[in-house]
Amino acid sequence: MTDTATPILPFLPFALPEIGDEEIAELVDTLRSGWITTGPKARRFETEFARFLGDETLHCIAVNSATAGLHLALEALGIGPGMEVITTTHTFTATAEVVRYLGADVKLVDIDPSTLNIDPGLIEAAITPRTRAIIPVHYAGLACDMDAIHAIAAKHGLQVVEDAAHALPTTCGGRMIGTLDSAATVFSFYANKTITTGEGGMLVTRDDKIAARAKVMRLHGINRDAFDRFTAKVPSWYYEIVAPGFKYNLTDIAAAMGLHQLAKAERFAQARRAIAQQYDAGLRALPVILPPQPLAGDVHPWHLYVLRLKPEARWSRDALIEALFAAGIGCSVHYIPLHQHPYWKERYGLQAGDFPHSQAAYEAMLSLPLYSRMSTQDAQRVIEAMQRLLG
Ligand SMILES: *Cc1c(COP(=O)(O)O)cnc(C)c1O
């Protein structure tokens, strides 16, 4: 090499999906089959999802987003005006907006800074006579303290709906998230999640009544789904509308991708875990708080790798993200807490001082690039940039 200029490396994005030939072939098969909306592949995706979670007795209901799944779960539980639902301020707005869709109110709670998950100790203080449910979020893929949350819920007669958008596959005390004793658990297959269908989600429940209601409400409030109607042996044009339902069904086009993404979920998680470990080793000596680790024996899918700058770091978070961007590295922030957004702040008169741990974490945090297709060299490039900037 005679050129001494820094080689121009391609931009390293914050997230990228990994779509293989299997997904593409299944997609083509679906397009050629003549059945592109909810049908046999969505059905198969539901069955295989239950198998993946390790319990084929679970009801798995494929939907077109996790937001839709959360909405359906709360609707099936009868959440409505005059009621309150408790969740973390340190989440994406979808977790909380579904409560408002139903006319109920959101009670936001601060996080435990050692896990970045909702602090169970603060949940109890937020309960009022109007509280009906808790929505814990397994932030970054790290399981919440579900024993503590279920104990509080049982004591106060509350329902638990887990926002598991980051948590595939996650275990909690050795049990897979999705198989615990919550009313419902909802997974996301958005483009940057651990598996993707472009857009999509899965509502998982053990409760026959919740499942039956969610299936009806997923598709316009029709009392049987379109697939049954159009493929039954007996000609059947008749249906009844039993409620003003939604349009939340997952297409077979999306499910075709989901089938193969699910088959690769373990490998994706291993690849993400390897990058997370490489980051841990390479960044440990820097003035940063490394991401919280799962309890011994538990599985963490590393949806996000979230660092917090220590006060002695010479950088502001914003300036560091800009410097990384200038070095061709994409980062993000998860999340701007709900109490900082105009809608939530104004509706509930919230202040940053009400959520000191979430606020402090937000001001110090950045999410590094992390996806299954990242190479060891890609991760090394991030580590070296961080060492150069922060070392
Ligand atoms: C992505 C996400 C959602 C919403 O998922 P969609 O499938 O995009 O609706 C909900 N909660 C959290 C924590 C998320 O990260």
Side-chain angles (χ1 to χ4, degrees), residues 48-58 60 88 90-91 111-121 123 134-154 160-188 193-195 202 204-206 261-284 288-308 334 357 361 367-368 370-372 374 376 379:
E48 293 194 8
F49 202 82
R51 190 171 301 147
F52 180 84
L53 294 180
D55 183 349
E56 291 175 50
T57 68
L58 289 166
C60 292
T88 169
H90 212 95
T91 187
I111 52 171
D112 174 342
S114 71
T115 62
L116 302 174
N117 278 329
I118 193 167
D119 183 343
I123 292 175
I134 307 167
I135 311 180
V137 178
H138 306 294
Y139 178 84
L142 180 75
C144 290
D145 183 348
M146 292 309 299
D147 285 346
I149 292 169
H150 282 140
I152 294 165
V160 176
V161 174
E162 295 172 59
D163 180 339
H166 302 180
L168 189 76
T170 292
T171 65
C172 180
R175 295 166 73 200
M176 195 79 141
I177 291 297
T179 68
L180 308 187
D181 304 315
S182 299
T185 302
V186 180
F187 296 89
S188 173
K193 300 288 161 64
T194 57
I195 72 167
M202 192 71 78
V204 179
T205 182
R206 288 187 187 291
Q261 288 276 297
L262 188 63
K264 298 173 184 178
E266 285 296 348
R267 176 169 71 69
F268 289 170
Q270 276 166 26
R272 286 175 174 275
R273 202 166 298 130
I275 300 289
Q277 282 166 0
Q278 193 183 341
Y279 279 158
D280 284 347
L283 304 173
R284 195 172 297 284
V288 293
I289 303 173
L290 295 179
Q293 296 291 323
L295 297 178
D298 267 331
V299 171
H300 186 321
W302 294 101
H303 167 55
L304 299 173
Y305 189 91
V306 177
L307 286 175
R308 281 168 282 173
H334 297 87
H357 296 307
S367 305
L368 296 185
L370 181 58
Y371 45 95
S372 55
M374 253 178 98
T376 312

Before you tell me yes or no, could you show the steps for Leu368 and Tyr305 under side-chain contact (heavy atoms from CB on, under 4.5 Å), namely the whole-Å CA-CA distance, both residues' side-chain angles and the distance that decides it to 0.1 Å? CA-CA 6 Å; Leu368 296 185; Tyr305 189 91; 4.0 Å; yes

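- Judged by distance alone, with hydrogens and angles left aside, the side-chain atoms of Asp112 form no donor-acceptor pair with the main-chain N or O of Asn117 at under 3.5 Å.
- Minimum heavy-atom separation, Ala265 to Pro169: O-CD, 4.5 Å.
- Not one N or O on the side chain of Glu162 forms a donor-acceptor pair closer than 3.5 Å with the backbone of His138.
- Residues passing the side-chain hydrogen bond (donor to acceptor under 3.5 Å, both in side chains) test with His90 are Ser358, sequence neighbours excluded.
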Go through Lys193 and His303 one step at a time and tell me if the side-chain contact (heavy atoms from CB on, under 4.5 Å) criterion holds. CA-CA 7 Å; Lys193 300 288 161 64; His303 167 55; 3.6 Å; yes

Would Met202 and Leu168 count as a side-chain contact (heavy atoms from CB on, under 4.5 Å) here? Give the steps. CA-CA 11 Å; Met202 192 71 78; Leu168 189 76; over 6 Å; no

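- Ring orientation note: the planes of Phe49 and Phe52 are tilted relative to one another, at an angle of 30° to 60°.
- Within the 3.5 Å criterion, the main-chain N or O of Thr179 finds a donor-acceptor partner in the side chain of Arg206.
- The structure places CD1 of Ile289 at 13.5 Å from CG of Leu283, a figure rounded to the nearest 0.5 Å.
- Atom CD of Gln277 and atom CD1 of Ile275 lie 10.0 Å apart (nearest 0.5 Å).
- Checked by atom type, the side-chain pair Ser182/His150 shows a donor-acceptor distance below 3.5 Å.
- When all heavy atoms of Leu307 and Pro291 are compared, the closest pair comes out as CD2-CD, 4.1 Å.
- Rounded to the nearest 0.5 Å, atoms CD (Glu266) and OG1 (Thr194) are 10.0 Å apart.
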Check step by step if side-chain contact (heavy atoms from CB on, under 4.5 Å) holds for His357 and Asp119. CA-CA 10 Å; His357 296 307; Asp119 183 343; 5.6 Å; no

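- Taking all atoms of both residues into account, the shortest heavy-atom contact from Ala183 to Thr205 is O-OG1, 2.6 Å.
- Checked by atom type and distance alone, the side chain of Arg272 pairs as donor or acceptor with a backbone atom of Leu370 at under 3.5 Å.
- With rounding to the nearest 0.5 Å, the separation of OG in Ser372 from CD in Gln270 is 11.5 Å.
- When every heavy atom of Ala164 is checked against every heavy atom of Thr185, the shortest pair comes out as CB-CG2, 3.6 Å.
- No donor-acceptor pair closer than 3.5 Å links the side chain of Asp280 to the backbone N or O of Leu290.
- Considering OG1 of Thr88 and OH of Tyr139, their distance stands at 9.5 Å, rounded to 0.5 Å.
- Distance check, rounded to the nearest 0.5 Å: CD of Gln261 to CD1 of Ile195 gives 6.0 Å.
- Between Ile118 and Cys144 the shortest heavy-atom distance is CG2-SG, 4.4 Å.
- Summarising the geometry of Thr115 relative to Leu142, their closest heavy-atom pair is O-CD2, 3.6 Å, with the distance given to 0.1 Å.
- Arg175 and Asp147 are not joined by a salt bridge, as no carboxylate oxygen comes within less than 4.0 angstrom of a charged side-chain nitrogen.
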